[in-house]
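Chain identifiers are assigned alphabetically (A, B, ...) following the order of the sequence lines, protein sequences preceding nucleic acid strands; residue numbering begins at 1 within each chain. Here the structure is a predicted model, which is why all the values come from computation and not from measurement.
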Amino acid sequence: MTYRKLVEEALEMFKSIGIEDPKLIPSKNPVYGELTSLVAFDIAREMGGDPVKIAEEIARSLSGYRGRIISSIEAVSGYINLRVDWFKYAEEILKTVISLGLDYGRSSVGSGRKIIIEHTSVNPNKALHVGHARNVCLGDTLYRLFSFLGYDVTVLNYIDDSGTQMADIILGFTELGYPLDPGDGSRFDVYCGDVVYVEVSRRIEEDPSLDGKRRKIAKLIEERDEKYYRLNREITEKVLRDQLKTCWRLGARYHILNMESDIISYDLWSEVFEKLVKVGAVYRAESGLKAGCWLLNLSSHPILSREGDEVLVKSDGSTTYVARDIAYGAWKLRGTSRDFKYKVWFRDPWGGEVLVTDLNGDVEKHIGEVEKVINVIDIRQKRPQEIVKYALDLLGLKSERYIHFGYEVVALSIMDAIKIGYEPEPGQEFVHMSGRRGLYVKADTLIDMLKERVKSEVRGKHPEWIEEKIEEVAEKVAVGALRYSLVKPDTDKMIILNTDEMLKLEGDTGPYLQYSYARACRILEKSGLEYSFKPPVELTEEEKQLLRRIAYFPEVVEEVGRSLIIKTLPNYAYMLASDFSRFYEKVPVLYSEDVELRRFRVAEVLAFKIVLGNVLNLIGVPLVEEM
RNA sequence: GGGCCCGUAGCUCAGCAUGGAUAGAGCAUCGGCCUUCUAAGCCGGGGGUCGGGGGUUCGAGUCCCCCCGGGCCCGCCA
């Protein structure tokens with residue numbers, strides 16, 4: 001790695017004069033060189049004195065140091081700036097990147113270690129909307145990231161096939177006359193969500209007697225009543241197959257689909273419950289509103305205690321969602337003696353096996369001890385997730401490994417809400433999506449809209465292209481645009497979906513990244529790939545900036561692995577692409593007069609293509625060689 | 001009432017985790033650049049009390065406290 005090599009050299013240099021931690025940062029401005037040490041300020045604080053003088057003194061005592069890449073040391077008002085010999089540094093960077101190729105930035109920090117990532121987990125009664133897509137894109141990016149860091153990652157998708165939402169649509173099919181076949185060829189998940197679920201929800205609101213029927217159905221499903229359980233499973237699988245089409249379209253991969261009904265069937269709960277009783281974490285309420293319920297004692301929790309204890313087992317003996325999630329969480333941390341059995345349901349588009357839990361399954365898969373369990377669940381579930389974590393701790397499991405990766409929801413801009421029939425309150429700026437009320441924009445709908453927009457752009461630009469090629473490119477650009485826009489914002493910030501805004505393909509967008517990638521591809525294609533690592537005597541600022549950014553990539557990857565601040569990746573990708581755009585405008589490659597120079601610049605373009613490709617792979621923005 | 005999150009340019013947001021040199025982008029707006037490697041691009045202009053106030057520090061958009069504004073969560077739902 002390259003920036004890191006520079007840092008290592010600098011560390012060694014400082015060490016030679018007895019400074020162990022020189023507090024190195026990449027210089028904020030190229031005029032200050034490549035690396036800056038802030039150590040003079042620290043020394044001034046600890047031992048007194050003037051940081052300006054201390055820095056000068058340090059620079060002086062380092063002046064005799066003969067580095068390989070570092071060429072000069074200069075103290076400026078307390079900062080110690082290190083410059084490099086670009087002739088050597090540039091060669092080093094290009095050699096490293098081009099020889100490692102797809103592995104540049106890859107790390108072995110995770111080798112031999114395991115991680116579970118659970119994401120998506122959409123109730124199997126509807127098609128995915130854009131809010132779900134945010135979950136999918138974040139979760140899948142985590143999967144790609146940790147795989148790149150060398151971890152053995154297992155991706156789970158939790159299928160809640162036994163909640164009231166399923167009972168809603170079953171009620172529609174069995175009692176309210178909705179046919180199982182939509183009849184108009186529409187996708188089954190879309191039909192269930194857009195038609196059956198929305199209409200049944202409305203009818204239940206109008207006719208409260210239906211609520212009782214729904215409850216009865218929910219119970220029948222949970223008790224594995226022959227007719228209802230089978231119908232439920234059939235619908236679940238049908239919807240799930242369609243949902244996965246959307247997920248795959250977004251480029252997301254899964255290894256295991258965990259059916260909630262199977263978590264119940266395997267009775268993971270009873271074992272967990274016994275343990276909770278044994279450690280005195282739960283108790284049965286004998287009186288009051290919650291008489292007959294088993295509750296988790298939260299009284300010693302610093303914050304959760306203020307909101308009272310949590311019901312785990314209802315007075316009718318059934319478990320709550322939190323209880324089932326505790327059981328499931330315990331399973332993830334190997335806190336249960338039982339394990340699931342699976343069947344191979346099918347293969348994903350990349351040829352990977354997708355397992356689904358199955359009581360009579362013939363596949364055994366033991367994930368083993370994991371270093372982390374990352375659960376991608378929207379922020380509204382923060383409290384229940386804290387309760388689950390707390391319970392896992394009480395069970396004696398390594399609950400610090402259980403991570404709730406929370407993110408804010410996607411809401412509809414008022415404009416978009418009005419388009420689908422919503423009547424806004426005065427002053428209202430957004431509307432929360434609601435499956436029940438039909439207030440949402442489906443992920444596929446948005447991708448299709450983007451795709452149409454892209455198609456018209458491509459047609460205008462490449463009138464000679466055949467339809468298949470236009471189709472292929474448009475799909476990739478549309479998916480790239482959506483993935484980028486969902487992964488780029490801070491996870492703590494709500495995304496207010498504005499489809500008009502979203503359809504713009506300029507500026508800080510996925511297509512911009514794909515475009516700069518495509519431009520690089522064209523140069524390389526025409527270059528005959530004749531490149532060399534021998535730099536010219538003088539590099540342009542644009543070249544230095546591009547190389548500097550390229551050299552920093554491995555730091556970004558590891559940093560995100562530590563911080564889980566995913567947006568750092570798209571931010572980096574955008575800055576890298578911007579650096580390349582400026583390079584592209586100012587620095588002729590194929591038209592450079594000197595053959596050696598041309599070859600060197602081809603290497604620069606190749607290195608850029610590799611790094612941008614690698615980071616786009618991490619965030620799941622498809623690579624496009626021509627657009 | 002309790003807990004958590006957000007507030008940076010007209011709009012959307014980076015920068016905050018790990019405090020450092022003149023606060024950066026995109027959109028919008030105004031003005032330039034295509035007979036040269038893809039103009040989905042590049043360059044330039046205008047536009048900022050970093051919500052407000054205190055504090056810590058040589059140094060605060062970044063850390064701490066208080067306040068204001070907005071959002072979310074507190075069910076025998078999931």
Side-chain angles (χ1 to χ4, degrees), chain A residues 23 25 27-29 31-32 36 38 41 44-45 50-52 76-79 81 123 160 162-166 218 260 285 289-295 303-304 306-308 310-316 318-322 324-325 378-384 386 406 408-409 411 429-430 432 454 457-458 461-462 477 481 488-496 498 501 504-516 518-527 559 562-565 567-568 570-571 574-575 578 581-582 584-592 601-602 605 626-627:
Chain A
K23 263 183 100 173
I25 57 165
S27 302
K28 287 284 187 270
N29 188 315
V31 305
Y32 303 131
T36 297
L38 303 170
F41 297 104
R45 183 188 358 252
D50 179 4
V52 176
V76 182
S77 55
Y79 300 90
N81 295 324
N123 287 334
D160 182 0
S162 45
T164 50
Q165 298 208 9
M166 285 309 289
E260 181 171 89
L289 274 172
K290 293 177 179 173
C293 297
W294 283 88
L295 294 122
I303 293 156
L304 295 173
R306 302 183 201 190
E307 289 167 10
E310 182 76 10
V311 175
L312 297 183
V313 182
K314 304 176 203 172
S315 55
D316 69 357
S318 62
T319 52
T320 62
Y321 153 78
V322 170
R324 293 196 286 267
D325 220 29
D378 82 55
I379 200 69
R380 292 172 300 186
Q381 293 201 36
K382 187 165 185 173
R383 186 189 127 87
E386 271 166 10
E408 262 290 359
V409 296
E429 285 174 4
F430 67 88
H432 282 294
V454 175
E457 180 89 20
V458 175
K461 238 178 143 165
H462 307 282
V477 174
K488 184 177 74 116
D490 194 311
T491 48
D492 285 336
K493 283 172 181 159
M494 196 191 290
I495 295 176
I496 297 174
N498 180 327
E501 258 338 283
K504 290 185 177 161
L505 310 172
E506 299 154 2
D508 187 3
T509 64
Y512 175 82
L513 307 179
Q514 293 169 313
Y515 183 69
S516 62
R519 281 171 138 189
C521 287
R522 295 294 285 175
I523 295 179
L524 294 171
E525 189 186 305
K526 293 179 180 174
S527 73
E559 186 183 302
R562 278 192 300 272
S563 69
L564 300 185
I565 300 175
K567 64 181 172 178
T568 308
N571 285 345
Y574 178 66
M575 291 187 289
S578 302
S581 292
R582 281 188 280 269
Y584 185 91
E585 296 288 334
K586 289 267 176 61
V587 183
V589 178
L590 301 178
Y591 293 93
S592 53
R601 287 180 175 168
V602 170
V605 176
E626 243 184 315
M627 64 186 276

Around atom CD of A:Glu429, are there more than 12 heavy atoms of other residues, nucleotides or ligands at under 6.0 Å? no
Taking 4.0 Å as the cut-off, does a side-chain nitrogen or oxygen of A:His432 come that near to OP1 or OP2 on B:C72? yes
* Asked: Between A:Lys488 and B:A25, is there a side-chain N or O to OP1/OP2 distance below 4.0 Å?
  -> no
Tell me whether the OP1 or OP2 atom of B:U38 has a side-chain N or O from A:Lys526 closer than 4.0 Å.
-> yes
(message) Determine whether a donor-acceptor pair (one donor, one acceptor, N or O, separation below 3.5 Å) exists between the side chain of A:Asn29 and the base of B:U22.
(response) yes
### Message
If you compare every side-chain N and O of A:Arg582 against the phosphate oxygens of B:C43 (OP1, OP2), does one of them come in below 4.0 Å?
### Response
yes
Next on the checklist: Taking only side-chain N and O atoms of A:Lys28, does any of them lie within less than 4.0 angstrom of OP1 or OP2 on B:A21?
Outcome noted: no
Worksheet item: Going by atom types only, do A:Tyr512 and A:Ser581 share a side-chain donor-acceptor pair under 3.5 Å?
Response: yes
d(A:Lys488 NZ, A:Thr568 OG1) to nearest 0.5 Å is 13.0 Å
A correct dot-bracket answer for RNA chain B, with pairs being Watson-Crick or G-U at under 3.5 Å, [ ] for crossing pairs and | for inter-strand pairs, is (((((((..((((......[...)))).(((((.......))))).....(((((..]....))))))))))))....
Presence of A:Tyr515 side-chain N/O under 4.0 Å of B:C42 phosphate oxygens OP1/OP2 | no
Presence of A:Arg306 side-chain N/O under 4.0 Å of B:G3 phosphate oxygens OP1/OP2: yes
Are B:A21 and A:Tyr32 stacked, with the base six-membered ring and the side-chain ring centres under 5.5 Å apart and planes under 30°? yes
Under the criteria of a ring-centre distance below 5.5 Å and an interplanar angle below 30°, is A:Tyr79 stacked with the base of B:A21? yes
- prompt: Is there a side-chain polar atom (N or O) of A:Lys493 under 4.0 Å from OP1 or OP2 of B:A14?
  reply: yes
